[in-house]
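Worksheet: one structure, shown below.
Each chain gets a letter, A, B and so on, in the order its sequence line appears, and its residues count up from 1. If you're wondering where the values come from, they're calculated on a predicted model, not measured in any experiment.
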Amino acid sequence: MADAAGDLPRIEIYSTLTRKKTPLETVQPGHVGMYLCGPTVYKPSHIGHMVGPVIFDTVKRHLAYSGWKVTWVVNVTDVDDKIIAESAARGTTMAKLAEEMTADYLENLATLGVTGIDVMPKATEHIGTIIAFIEGLIAKGMAYASDGDVYFDVTRDPDYGKLTNRSVEQTQGEGGSTAERKRSAADFALWKQAKPGEPAWDSPWGPGRPGWHIECSAMSKAILGPHFDIHGGGLDLVFPHHENEIAQSESLHDCPMATYWMHNGLMQAAGAAGKVGGRPRGGEGSADDAAAQAATKISKSTGAEPFKNLLARHRPEAIRVLLLSTHYRSPIHFGEEPLGESGRAMEAFERLFARSERITATDFYGLPCRDRRAGDAAVAAAGDEVTALRAKFLAAMDDDFNTAIAMATLFDLVRVVNKFIDQHGLETKKPAAELAALGAMLLVMRELTGVLGLFLQRPRQAAGADEGLVAQLMDLVIEIRANARKAKDFGTADLVRNKLTAAGIVLEDRPDGTGWSRK
RNA sequence: GGCUCCGUAGCCAAGUGGCUAAGGCAGCGGAUUGCAAAUCCGCCAUCGUCGGUUCGACUCCGACCGGAGCCUCCA
C-alpha cells in the first residue's frame with residue numbers, strides 16, 4: 001500500500017470517511033483507481049450533473065500530470081424506478097430512453113472538456129456481476145431473500161453507518177410497501193422483484209432488477225478491484241448511497257472499499273427558494289425574508305433546466321471556470337449573475353491569448369500542454385515571477401485540489417504576462433530575448449490551464465455564413481477610419497466606432513493597429 | 001429531533017494561532033490613449049454575535065443567531 005515510486009509528489013486528499021486530509025498512497029504503486037457515481041439517465045442532464053465530472057476530470061488531469069497512471073470509472077444507472085416511470089409516461093422503452101439520455105449526458109460532458117473518463121459501465125451490462133455479488137452476500141449471511149426481493153441485513157454489519165456517523169436505529173429506511181418484507185427498516189434492497197410489465201432479468205430469486213446501490217459495488221469491483229483508491233460523488237450521495245456501498249462491498253470483501261471518499265458540494269440555485277426539504281426544525285417565527293432568499297440545491301429547485309439550454313446562453317469555458325473557482329467541497333452559488341461574472345473574468349485570458357498571438361504569431365491553443373510535471377528548472381526561461389506562480393499553483397493543487405487558489409494564480413499570471421508585454425513594448429518592437437521569454441511564459445500558461453482542463457480548444461466563432469464577408473467589410477471600415485484619424489478627423493472616427501459599438505462590435509485602437517471583436 | 005457543514009469587503013470566493021487576510025466581479029483614483037477600449041499601477045475587509053482558552057484568535061473551545069446538505073429519490 002505504499003508508493004514505492006519516490007519521485008511522485010506529495011498530494012493530500014480529504015476523505016469524508018476520516019474527515020481529514022492525508023497524503024495519497026495508492027493500492028498499487030503509481031496507479032490510481034477512481035470511481036465516480038454517474039447519472040441515472042431518465043431526463044436531460046442539468047448543471048448539477050456536471051459538477052462531479054468536471055471536478056473529477058480536473059482531479060484526474062492533475063494526478064496524471066503529476067505522474068500517476070489513472071483509471072477513472074463513471075457508471076451510468078440505466079435501470080431504475082424513475083427511468084421506468086419516465087419511459088412509460090413517454091410511451092417508449094426503458095432502454096431507448098436510457099440510451100437517449102446517456103447520449104445527452106455524454107455530449108454535455110464533451111462540451112465542458114470532460115475527456116478523461118476511461119470506463120463507463122452500465123448497470124444493465126453487469127447484471128451477471130451484480131447477481132454474483134448478491135449471492136456472495138447471501139452466502140456470507142449478510143443478505144436475505146424475501147418474497148422475490150433480496151435485502152441487505154444491516155444488523156449483521158457491525159460498522160454500518162461509519163461513513164456518516166449514524167447508527168442503524170437512526171436510519172428510517174425506505175418504508176412504504178417494502179416494509180413488511182424487510183427484517184428491519186434500515187435494510188435496503190439489493191434485488192427488486194419485477195412487477196408485471198416491468199423490465200426484468202432472471203435471477204435465483206425470480207425475475208427482477210438490481211437495487212440502487214448494488215451496481216456501484218459490483219461494477220467498481222469488476223473494473224477497479226475490491227479495494228481502490230478514490231470514490232467520488234455529490235455530497236447528497238453520502239447517505240444512503242455511499243454508506244450502503246461500503247456496507248455491501250466491505251461485508252463481502254473484508255477490506256476497505258476505497259481509501260479516499262471525495263464528495264463535491266452541490267449546486268445551489270441562489271434565491272430560487274424551492275421546497276424546504278427535511279424535517280421541520282425546532283423553532284418557529286422563521287424570518288420570511290431569509291426563507292424566501294434561501295438557496296436551494298439545483299436538483300430540488302425549479303432552476304434545473306436542461307444543460308443544453310444553459311449552453312445557449314453561456315460559454316462552456318465560463319461554466320468550467322465557475323465550477324473551479326470554488327473549492328470542490330463547498331456549495332456553488334449558481335445563476336445568471338455568477339455565470340456572467342465568470343464569463344467576463346475568463347475573457348481576460350482570451351484577450352491575452354489573442355494579444356500574444358499577434359505578437360508571436362503562434363497559436364496558443366496549438367501549444368503543447370506539458371503532460372508531465374517538471375521541476376522549476378524546466379520553466380526558468382519564463383522568469384522568477386512566473387516560476388513562483390507556477391509553484392504556488394502546483395502547491396494549491398497538491399493540497400486537496402484547491403482549484404480556487406489555482407485559478408487565482410492563473411489570474412496573477414495573466415497580469416504578469418500582460419505587464420511583461422507592456423514593459424517591453426512587444427506589440428511594436430520584437431526583441432528576440434524578450435520574445436523568447438514571452439514564449440516560455442505562454443508555455444507555462446498553457447501547461448497550467450491544461451491541468452485545469454481550460455482553454456483546450458479555440459472558442460467557436462459565431463458561425464455566420466457571411467463571416468468572411470463581414471471580415472472584409474470590417475477591414476474596409478477600419479481602413480477608412482484609420483485615414484480619418486490620420487487626417488485628425490476624429491468626429492468621423494468616433495462616429496464609426498460608436499455606431500459599431502451599438503451594433504455589437506468593439507473597436508480597439510492598439511499600438512500596432514486597430515482590432516475588432518464581437519461583444 | 002439526529003448527523004454533517006458553512007457565516008470573510010457592495011457581490012462571489014480562498015486562507016492562516018502572531019508576519020501586508022489570496023483571487024474574481026463591481027466601484028474609485030492614476031498611467032497610457034486624439035477620445036475610448038484593452039493593459040498596467042494604486043485604493044477599497046479586522047473575518048455573524050457574545051463569552052472562554054492563550055503572551056497573542058479571524059483561525060481553538062462553548063453558547064447563541066443565520067444559512068446549506070443528509071436522515072425518502074437526488075450529482
Rounded distance in Å between the [atom1] positions of [N] and [M]:
{"N": "B/A31", "M": "B/A37", "atom1": "C1'", "result": "15 Å"}
{"N": "B/U8", "M": "B/G23", "atom1": "C1'", "result": "14 Å"}
{"N": "B/G67", "M": "B/C61", "atom1": "P", "result": "23 Å"}
{"N": "B/U46", "M": "B/A21", "atom1": "C1'", "result": "9 Å"}
{"N": "B/U53", "M": "B/G10", "atom1": "P", "result": "32 Å"}
{"N": "B/A13", "M": "B/C71", "atom1": "C1'", "result": "30 Å"}
{"N": "B/A9", "M": "B/A22", "atom1": "P", "result": "14 Å"}
{"N": "B/C25", "M": "B/U20", "atom1": "P", "result": "26 Å"}

Consider the side chain of [X], meaning its heavy atoms from C-beta on, and name the nucleotide among [options] that approaches it most closely.
{"X": "A/Ile405", "options": "B/C71, B/A26, B/A14", "result": "B/A14"}
{"X": "A/Ala408", "options": "B/G23, B/G34, B/C40", "result": "B/G23"}
{"X": "A/Glu341", "options": "B/C12, B/A22, B/C40", "result": "B/C12"}
{"X": "A/Asn418", "options": "B/A36, B/C71, B/C40", "result": "B/C40"}
{"X": "A/Lys82", "options": "B/A13, B/C73, B/C41", "result": "B/C73"}
{"X": "A/Val51", "options": "B/C73, B/C40, B/A75", "result": "B/A75"}
{"X": "A/Thr40", "options": "B/A37, B/A75, B/A14", "result": "B/A75"}
{"X": "A/Asp412", "options": "B/U4, B/G23, B/A14", "result": "B/G23"}

Between A/Phe56 and A/Tyr328, is the ring centre distance below 6.0 Å?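 Ring centres of A/Tyr328 and A/Phe56 not closer than 6.0 Å.
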Can you tell me if A/Asp187 uses its side chain to pair, donor with acceptor, with the backbone of A/Val154 under 3.5 Å?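 Yes: the side chain of A/Asp187 pairs with the backbone of A/Val154.
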Any donor and acceptor pair, going by atom type alone, linking the side chain of A/Ser217 with main-chain N or O of A/Glu245 inside 3.5 Å?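 At least one qualifying donor-acceptor pair exists.
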Rounded to whole angstroms, how far apart are [atom1] on [X] and [atom2] on [N]?
{"X": "A/Arg485", "N": "B/G34", "atom1": "CZ", "atom2": "P", "value": "7 Å"}
{"X": "A/Asp400", "N": "B/U16", "atom1": "CG", "atom2": "P", "value": "12 Å"}
{"X": "A/Arg510", "N": "B/C35", "atom1": "CZ", "atom2": "C1'", "value": "17 Å"}
{"X": "A/Leu322", "N": "B/G23", "atom1": "CG", "atom2": "P", "value": "19 Å"}
{"X": "A/Arg518", "N": "B/A38", "atom1": "CZ", "atom2": "P", "value": "19 Å"}
{"X": "A/Tyr105", "N": "B/A75", "atom1": "OH", "atom2": "P", "value": "9 Å"}
{"X": "A/Phe393", "N": "B/A22", "atom1": "CZ", "atom2": "C1'", "value": "15 Å"}
{"X": "A/Leu339", "N": "B/C12", "atom1": "CG", "atom2": "P", "value": "15 Å"}

Of A/Pro511 and A/Val238, whose nearest nucleotide on RNA chain B comes first from the 5' end?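 That would be A/Pro511.
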Nearest nucleotide by nearest heavy atom, which residue falls closer to the 5' end of RNA chain B, A/Ile332 or A/Thr164?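 Its nucleotide being nearer the 5' end, the pick is A/Thr164.
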Answer with base, sugar-phosphate or nothing: what part of the nucleic acid does [X] contact at a heavy-atom distance below 4.0 Å?
{"X": "A/Pro39", "value": "sugar-phosphate"}
{"X": "A/Gly52", "value": "nothing"}
{"X": "A/Gly161", "value": "nothing"}
{"X": "A/Leu266", "value": "base"}
{"X": "A/Met267", "value": "base"}
{"X": "A/Arg497", "value": "base"}
{"X": "A/Ala345", "value": "sugar-phosphate"}
{"X": "A/Leu507", "value": "base"}
{"X": "A/Lys488", "value": "nothing"}
{"X": "A/Arg481", "value": "base"}

With a 3.5 Å limit on both atom pairs, tell me what [N] is paired to, counting Watson-Crick and G-U wobble, or say none.
{"N": "B/A21", "answer": "none"}
{"N": "B/U32", "answer": "none"}
{"N": "B/A9", "answer": "none"}
{"N": "B/G1", "answer": "B/C71"}
{"N": "B/G51", "answer": "B/C61"}
{"N": "B/A26", "answer": "none"}

Sidechain N-carboxylate O distance under 4.0 Å for A/Glu86, A/Arg90: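 Between A/Arg90 and A/Glu86 there is a salt bridge, with a charged N closer than 4.0 Å to a carboxylate O.
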Would you mind checking if A/Arg355 and A/Glu357 are paired as a salt bridge, meaning a charged N to carboxylate O distance below 4.0 Å?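 Judged by the 4.0 Å cut-off on N to carboxylate O distance, A/Glu357 and A/Arg355 do not form a salt bridge.
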Has A/Arg166 got its NZ or CZ under 6.0 Å from the middle of the six-membered ring of A/Phe239, at an angle within 45 degrees of the ring axis?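 Checked: cation-pi criterion met.
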May I ask you to check if A/Arg329 and A/Tyr14 form a cation-pi contact, with NZ or CZ under 6.0 angstrom from the six-membered ring centre and within 45° of the axis?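 Here A/Arg329 passes the 6.0 Å and 45° test against A/Tyr14.
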Reckon [X] has a side-chain N or O less than 4.0 Å from the OP1 or OP2 of [N]?
{"X": "A/Arg351", "N": "B/U39", "result": "yes"}
{"X": "A/His327", "N": "B/A13", "result": "no"}
{"X": "A/Lys486", "N": "B/G34", "result": "no"}
{"X": "A/Asn402", "N": "B/G15", "result": "yes"}
{"X": "A/Arg329", "N": "B/C6", "result": "no"}
{"X": "A/Ser330", "N": "B/A14", "result": "yes"}
{"X": "A/Asn165", "N": "B/U4", "result": "yes"}
{"X": "A/Lys297", "N": "B/A75", "result": "no"}

Would you say the side chain of [Y] lies within less than 4.5 Å of the side chain of [X], judging by non-hydrogen atoms?
{"X": "A/Pro44", "Y": "A/Phe307", "value": "no"}
{"X": "A/Arg497", "Y": "A/Glu508", "value": "no"}
{"X": "A/Ile246", "Y": "A/Tyr160", "value": "no"}

Ignoring hydrogens and geometry beyond distance, is the side chain of A/Asp80 in donor-acceptor contact with the base of B/C73 at under 3.5 Å?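 Counting by modelled atom types and ignoring angles, no donor-acceptor contact under 3.5 Å is found here.
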Ring centroids of A/Phe490 and B/G34 base under 5.5 Å with planes under 30°: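 By the stated criterion, A/Phe490 and B/G34 stack.
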